[in-house]
Amino acid sequence: MPTPYTETFDHDPGGWITWASNSLGPKPLEIKDSCAVSRSPWWIDYNHALPGAGYLHLPFILITRGPLGEYTREIGGANRFIEANFPRDFTNAHITINVRGELIANGARLVLLCQSTQNNL
């Protein structure tokens with residue numbers, strides 16, 4: 001069994017970023033008390049609107065393959081996932097997150113979105 005990837009956010013974002021908007025692009029992840037923070041008002045990503053996954057907010061983003069651009073490295077810090085060469089095949093992966101705080105969902109759901117290329121296309 002491979003070594004699991006774990007991110008604690010104890011010292012920095014570990015390569016994780018968030019997204020401001022289509023016009024502003026990526027921005028630094030807010031870290032407080034070893035937690036990644038997401039708070040409203042949120043930008044809504046309409047690129048995945050119906051009939052796709054629906055309108056999304058991308059609170060936490062981890063790029064899993066490099067090389068990374070200078071700005072992404074600057075705002076996300078050292079990407080421990082890429083640096084440790086963790087596998088990117090998530091077949092049968094088990095993903096665990098710990099959530100703190102409150103959310104009035106009003107019908108929204110927390111989902112995992114993985115975007116990838118197939119055969120380098």
Side-chain angles (χ1 to χ4, degrees):
M1 181 178 218
T3 302
Y5 167 76
T6 302
E7 187 55 65
T8 61
F9 303 110
D10 287 340
H11 305 289
D12 57 42
W16 288 77
I17 60 174
T18 190
W19 203 261
S21 69
N22 277 351
S23 60
L24 297 174
K27 70 176 188 177
L29 191 63
E30 180 183 349
I31 303 293
K32 182 176 181 182
D33 299 328
S34 297
C35 294
V37 176
S38 179
R39 69 180 85 231
S40 68
W42 292 291
W43 165 75
I44 302 299
D45 181 359
Y46 49 82
N47 295 314
H48 303 279
L50 299 173
Y55 294 95
L56 305 174
H57 168 59
L58 307 174
F60 311 114
I61 300 166
L62 179 66
I63 299 169
T64 60
R65 181 178 179 185
L68 300 176
E70 183 179 344
Y71 184 65
T72 302
R73 288 190 317 268
E74 182 180 313
I75 65 171
N79 186 311
R80 288 185 276 275
F81 187 95
I82 294 173
E83 289 177 357
N85 199 31
F86 279 96
R88 293 178 293 122
D89 181 350
F90 295 142
T91 303
N92 297 319
H94 295 266
I95 298 171
T96 303
I97 61 169
N98 295 314
V99 179
R100 247 194 262 178
E102 297 179 29
L103 172 67
I104 300 171
N106 291 332
R109 296 176 298 143
L110 177 63
V111 298
L112 174 68
L113 170 67
C114 292
Q115 290 184 212
S116 67
T117 58
Q118 297 294 316
N119 301 320
N120 294 319
L121 299 175

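Numbering of residues begins at 1 and proceeds along the displayed sequence.
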- Evaluate the criterion side-chain contact (heavy atoms from CB on, under 4.5 Å) for residue pair Trp43 and Leu24; output intermediate values, then yes/no. CA-CA 11 Å; Trp43 165 75; Leu24 297 174; over 6 Å; no
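- Counting only heavy atoms from C-beta outward, the side chains of Ile61 and Pro26 never approach each other to under 4.5 Å.
- Other residues, nucleotides and ligands place more than 12 heavy atoms under 6.0 Å from the CG atom of Asn22.
- Ile17 and Gly76 make their closest contact through CG2-CA, 3.8 Å (heavy atoms, listed as atom of the first residue, atom of the second, distance).
- Here the straight-line distance linking atom NE2 of His57 with atom CG of Asp45 works out to 10.0 Å at 0.5 Å rounding.
- Thr8 contributes atom OG1, which lies 11.5 Å from atom CG of Asn98 (distance to the nearest 0.5 angstrom).
- Taking every heavy atom of both residues into account, Cys35 and Arg100 meet most closely at SG-NH2, 2.9 Å.
- Taking hydrophobic clusters as Ile, Leu, Val, Met, Phe, Trp and Tyr residues chained together by side-chain heavy-atom distances below 4.5 Å, Phe90 shares a cluster with Trp16.
- Across all non-hydrogen atoms, the minimal contact from Leu112 to Ile95 is CD2-CD1, 3.2 Å.
- Of the possible polar contacts, one joining the Asp89 side chain to the Thr91 backbone as a donor-acceptor pair under 3.5 Å is found.
- Note: the hydrophobic cluster containing Phe60 does not contain Trp19 (ILVMFWY, side chain heavy atoms under 4.5 Å, direct or indirect links).
- Here the side chains of Ile63 and Phe81 are not in contact, with every heavy-atom distance at 4.5 Å or above.
- Distance OG1/Thr72 to CG/Asn79: 9.5 Å, rounded to 0.5 Å.
- Here the CG atom belonging to Leu113 is positioned 6.0 Å from the CG atom belonging to Leu56, to the nearest 0.5 angstrom.
- In this structure, Asp12 contributes its side chain and Ala78 its backbone to no donor-acceptor pair below 3.5 Å.
- Listed here is the closest heavy atom pair of Leu68 and Arg65: CD2-O, 3.9 Å.
- Between the CZ atom of Arg80 and the OG1 atom of Thr6 there is a distance of 11.0 Å, given to the nearest 0.5 Å.
- Closest approach of Thr18 to Pro28, counting heavy atoms only: CG2-O, 3.6 Å.
- Closest non-hydrogen pair, Lys27 versus Ala20, comes out as CD-CB, 3.8 Å.
- Using a 4.5 Å cut-off on side-chain heavy atoms (C-beta onward), Ile97 and Leu110 make contact.
- Here the CD1 atom belonging to Ile31 is positioned 10.0 Å from the CG atom belonging to Asp10, to the nearest 0.5 angstrom.
- Residue Phe86 is grouped with residue Leu62 when hydrophobic side chains (ILVMFWY) are merged at heavy-atom distances under 4.5 angstrom, including chains of intermediate members.
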